[in-house]
Amino acid sequence: MPSLAVPPPVVRRTAGLGVALAGTALIASTYGMARFGVGLFAPRLAVERPELAQVVGLAAAAQFVAYSLAAAAAVRVTDRRPRVGLVLAGVTATAGCVGVAVASSPVTFVAAVFVGGTGAGLASPALVRVVDAVVPGHAAATAQSLVNTGTAVGVIGAGLLAFATSSTAPAWVLMAAVCAASAAAVLLLVRGRTDLSGPTATVPPASPSSELWRLLVLPTVAALVVGAGSALIWTFGPLLATGSGPVEDGRVGWLWIALGLGGLVGPATGVVVERLGPRRGWTAFAGVLVLANLTLAAALGLGSAVGAFAAMALFGAGYMCLSGVLILWARSVWPTAAGAGTSVLFIALAVGQAAGSLGFGAARDGAGAAAVSLAAAVLCAVGGALTSARLRPRRWMDRTGRLVG
């Protein structure tokens, strides 16, 4: 007779769907709002609180550093206690959003952004554990893909908030509410479950050998470089496109909505990697980021609002797909430690973004908007081309075939 501790199939499917949807909302709020909302609302912040305008780049760098530190710490925390990770993600993202809403000095603003940035780094590892435990095995991959689209959903939501609110303070308060509600929803759906500490959460992954570490060098370096190039649009895209740019200040929300809509193609990454492998898939999607930055440079030079919106949509598509490639690359290189490998690559991406935010923040006033857009395109091109290097042992390629080729 089956154990009463095992949820009936219908109940398990229902719970899995609920957790996947709530998890999508949590990623939407912690990534698309609390983390990347700084770039979206930068034009308003510059007008409403001029004293903060000069530290937007520093704040974005702080947010990327916070994400990296949180992601590194979360690997250990969420292995055995994913609920703790969910609680911390909700608390930090909510507190960060509230802090940005009331910040009146550069120091408090940067500190609030730093706190808010940790939410995303804590949310992802915890949700991976929870979704794997709650969703039936045959639907787990689909559920993970759904949760990963949360970033694009959140970016669209942040754009809509830009239209729905008259100033930055109420927008960030509403984002704080979404962060708190989505974290609470996930926790409510998994209350009383004892299977969150199953094999995926309690058995530590095998320690990668030195050979496997070498296999991760190439995507790590590529992620650093492309991360630096991607920082321009994430941090300064709306700021460049408005003001003296071609997009009216009142339409800034549409820039973020365009980026989010482009990002909804992210789930197609798996098909591309299956056909091309992660190396060529990475190069292809990095090329999309190059095209996005070149399109932005052209739009700024020609005064084309349509070009600015197209640049944001291209960027959203390329970035979300690149993130997916990193996940698949880590799984192919470290099949017994995919979570740890993914964290390494995502941290590299965030470190590159922190450096890029600082660099572009210092250069954009003196070099000009079109020039920094071209510089971002060059960084993305270099990062994409790096995957043509042959840094891994030949026998790994023979053993795994096209998937890692």
Side-chain angles (χ1 to χ4, degrees), residues 7 10-37 66-67 70-71 73-98 115-137 139-158 173-202 266-267 323 327 339 342-343 346:
V10 174
V11 174
R12 184 172 170 83
R13 285 196 295 269
T14 303
L17 177 60
V19 168
L21 292 175
T24 301
L26 182 58
I27 293 299
S29 60
T30 55
Y31 275 80
M33 295 182 178
R35 186 180 177 202
F36 292 130
Y67 172 84
V75 172
R76 292 184 176 274
V77 173
T78 59
D79 276 346
R80 297 181 180 274
R81 299 178 180 177
R83 287 187 181 88
V84 173
L86 292 173
V87 171
L88 292 175
V91 169
T92 54
T94 301
C97 288
V98 172
V115 172
T118 63
L122 293 164
S124 287
L127 283 172
V128 168
R129 299 298 189 191
V130 169
V131 170
D132 280 345
V134 176
V135 177
T142 301
Q144 295 287 5
S145 296
L146 175 63
V147 172
N148 285 336
T149 62
T151 300
V153 174
V155 167
I156 294 172
V173 169
L174 287 172
M175 286 191 284
V178 176
C179 290
S182 57
V186 179
L187 288 166
L188 185 64
L189 288 168
V190 299
R191 72 189 188 285
R193 296 191 70 106
T194 60
D195 54 350
L196 299 186
S197 297
T200 58
T202 58
S323 300
I327 295 172
T342 300
S343 294
F346 271 53

Listed partners of T151 passing side-chain hydrogen bond (donor to acceptor under 3.5 Å, both in side chains), at least two apart: none

For the student: nearest non-hydrogen atoms of L26 and T30, plus distance: O-OG1, 2.7 Å

Non-hydrogen atoms of V115 and A95 that approach each other most closely: CG1-CB, 4.3 Å

Side-chain (T92) to main-chain (A89) donor-acceptor, under 3.5 angstrom: yes

Say you draw a straight line from [atom1] of [X] to [atom2] of [Y]; how long is it, rounded to the nearest 0.5 Å?
{"X": "I27", "Y": "L127", "atom1": "CD1", "atom2": "CG", "result": "5.0 Å"}
{"X": "M33", "Y": "I156", "atom1": "CE", "atom2": "CD1", "result": "10.0 Å"}
{"X": "M175", "Y": "R35", "atom1": "CE", "atom2": "CZ", "result": "14.5 Å"}
{"X": "L122", "Y": "T118", "atom1": "CG", "atom2": "OG1", "result": "5.5 Å"}
{"X": "F36", "Y": "Y67", "atom1": "CZ", "atom2": "OH", "result": "8.0 Å"}

For [X], what residues pass the side chain to side chain contact (heavy atoms under 4.5 Å, CB included) criterion, not counting sequence neighbours?
{"X": "A22", "value": "A185, V186, L189"}
{"X": "A34", "value": "A93, C97, C179"}
{"X": "V91", "value": "V87"}

Residues which pass ring-ring contact (aromatic ring centres under 6.0 Å, His included) with F346, listed by chain and number, not counting sequence neighbours: none

Qualifying side chain to side chain donor-acceptor pair (under 3.5 Å) pairs, either residue in residues 175-188, two or more places apart: S29-S182

